[in-house]
Amino acid sequence: MAGQPIIAARDLRVRYGDREILHGVNFEIPHGETVVVLGGSGSGKSTLLRTMVGLERPHSGEVLIKGIDMGKASREEKAALRRKMGIAFQGGALIGSMTVGENIALPLLEHSALEPSTVEVMVRIKLEQVGLSGFENFNPSELSGGMKKRAAFARAMAMDPEILFFDEPSAGLDPIMAAGIDNLILNMKKAYAITMVVVTHELASAFLIADRVIVVDKGHIIANGSIPELQASEHPRVRQFLDRVPDSDHDDDAVDHLRMYTEGIR
Amino acid sequence: MSPTRPNLLVRLGGGTEGALAYVGGLAQITGKSLALLVSSPLKRQRSLERAVHQAMKVGVGAIPIVSLITFFIGVIMALQGAYELSKLGAMQLVPALVAVSITRELGPLITAIVVIGRSGSAFAAEIGTMRVTEELDALETMALDPMAFLVAPKFLAMALMVPCLAVWSDFMGVMGGCFFGILGGGFSFTGYFTTTRNSLVLSDVMTGVVKSFVFGLVITAVGCQEGLSTGAGAEEVGRATTSAVVLSILMVILIDVVFTLLFYLTGGLT
């Protein structure tokens, strides 16, 4: 197993209808690494995450999780892999008809033979880890945005996964709350030797938590390296992103916009 | 040949194809759910708990409103019947008219329409919102099949509860007729019920029950199908909910026509 990446993408192309979002991306993520996928809005980073967890099917190429192609895996293989993954969605995606405790207990009750009393204890431990002790009986609608994200982390960690995915963990939060979420990820990184993939557009957050950064721009990977390597990058789009420079003029926007519609035709 | 003619044919063909594909989708979702209910013994316990929870919501929760509506439908049927029958001096036929029209037709139909309004729309809104808020994606990534988790228990609950509600609404409709019979028709309570009992045969109630069972399946299939096909945004949830209600009513009426025709041709469930 040693040396084999836990996640790998090979010439991965993903399309929505005729529009190609990812134009043949390649990368590898080794065991235990925290990788931040950085990119602007509409860069394709969320599509990349959705493809990694098997919610989108690649048009061509492959995405391998523990050596298994998610695009071609059977239902059973996919289910087995997903039990080893935890995903914290952007808005939390907690099941609204269940309490916070029931949400976290859900994967445990469905996929393990644990006694309900044991599950209850585990739920309490998971909630404590994310700083939400005592919120078991709250409904998701009673939680703030940051608390929902924390509860979603607790649910993602419920099955003690080997890979944790985070979709925009600090988006829409105030700086203090966002810093709290970053801390939480750092603590998880220290406590468990798990692989983490964090999709974000927050530079500060990326620099704080990442072992390695993959920069996605317009469906291409334009940088893949450690933070010092990224900071030393001469790639104009990477520099623009790091230095927070807006696009030169509106014409580019318009061209990009038109390209969006014409890409499929070429 | 004018260019509008082939266009019309193309559109007609496209529409027919779309409608058939939709009905095919409904059959698929129904078959898949029923297969899941039969074939997953490990999850059956929890699936059953969810079905009981749904049954309480769609069945027990609907009793007050179904009772009220069908009671008044019974009163209306008795009033309308008495209006015509009194001219012929045949007021003694009012209980039979009410009983047969309620059990064979109006009880199951009104129940189905109330259930569409309460539960079919709720299924579409619930599943549609879950699609928009990524809850369906979350279930999938937790290796939980949304069909087994959300849809199958709803089918079980509806297949059992809609026929039960229909039988209850039959009773309440007859009670409505009886209310008029006592106050305006000169019947005694026992007299009205004896006449009702003598005018009904088991097949009158059974045809209603059979129809209700199918109505239950169709309402669930349309509600869940619309919910699952919701696109992005709150507006889409509204669209899904409206479509679920409109299409369910249309489907229920169409099925009602087919079943009533079949029962008519075969002389009912004999």
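Chain identifiers are assigned alphabetically (A, B, ...) following the order of the sequence lines, protein sequences preceding nucleic acid strands; residue numbering begins at 1 within each chain.
Interface remark: A/Leu81 contributes no atoms to any contact with chain B (heavy atom separation under 4.5 Å). The part of A/Ile87 that comes within reach of chain B is its side chain, from C-beta onward, which places non-hydrogen atoms under 4.5 angstrom from that chain. Contact of B/Met142 with chain A is made through backbone and side chain together, with heavy-atom distances under 4.5 Å.
Not a single donor-acceptor pair under 3.5 Å links the side chain of A/Asn139 to the backbone N or O of A/Ser141.
Between B/Leu136 and the choices B/Leu228, B/Thr141, B/Thr129, the side-chain contact (heavy atoms from CB on, under 4.5 Å) rule is met once, by B/Leu228.
One finds no salt bridge joining A/Lys148 and A/Glu142 here, because no Lys/Arg side-chain nitrogen approaches an Asp/Glu carboxylate oxygen to under 4.0 Å. Residues A/Arg75 and B/Asp145 are paired through a salt bridge, judged by an N-O separation under 4.0 Å between the basic side chain and the carboxylate.
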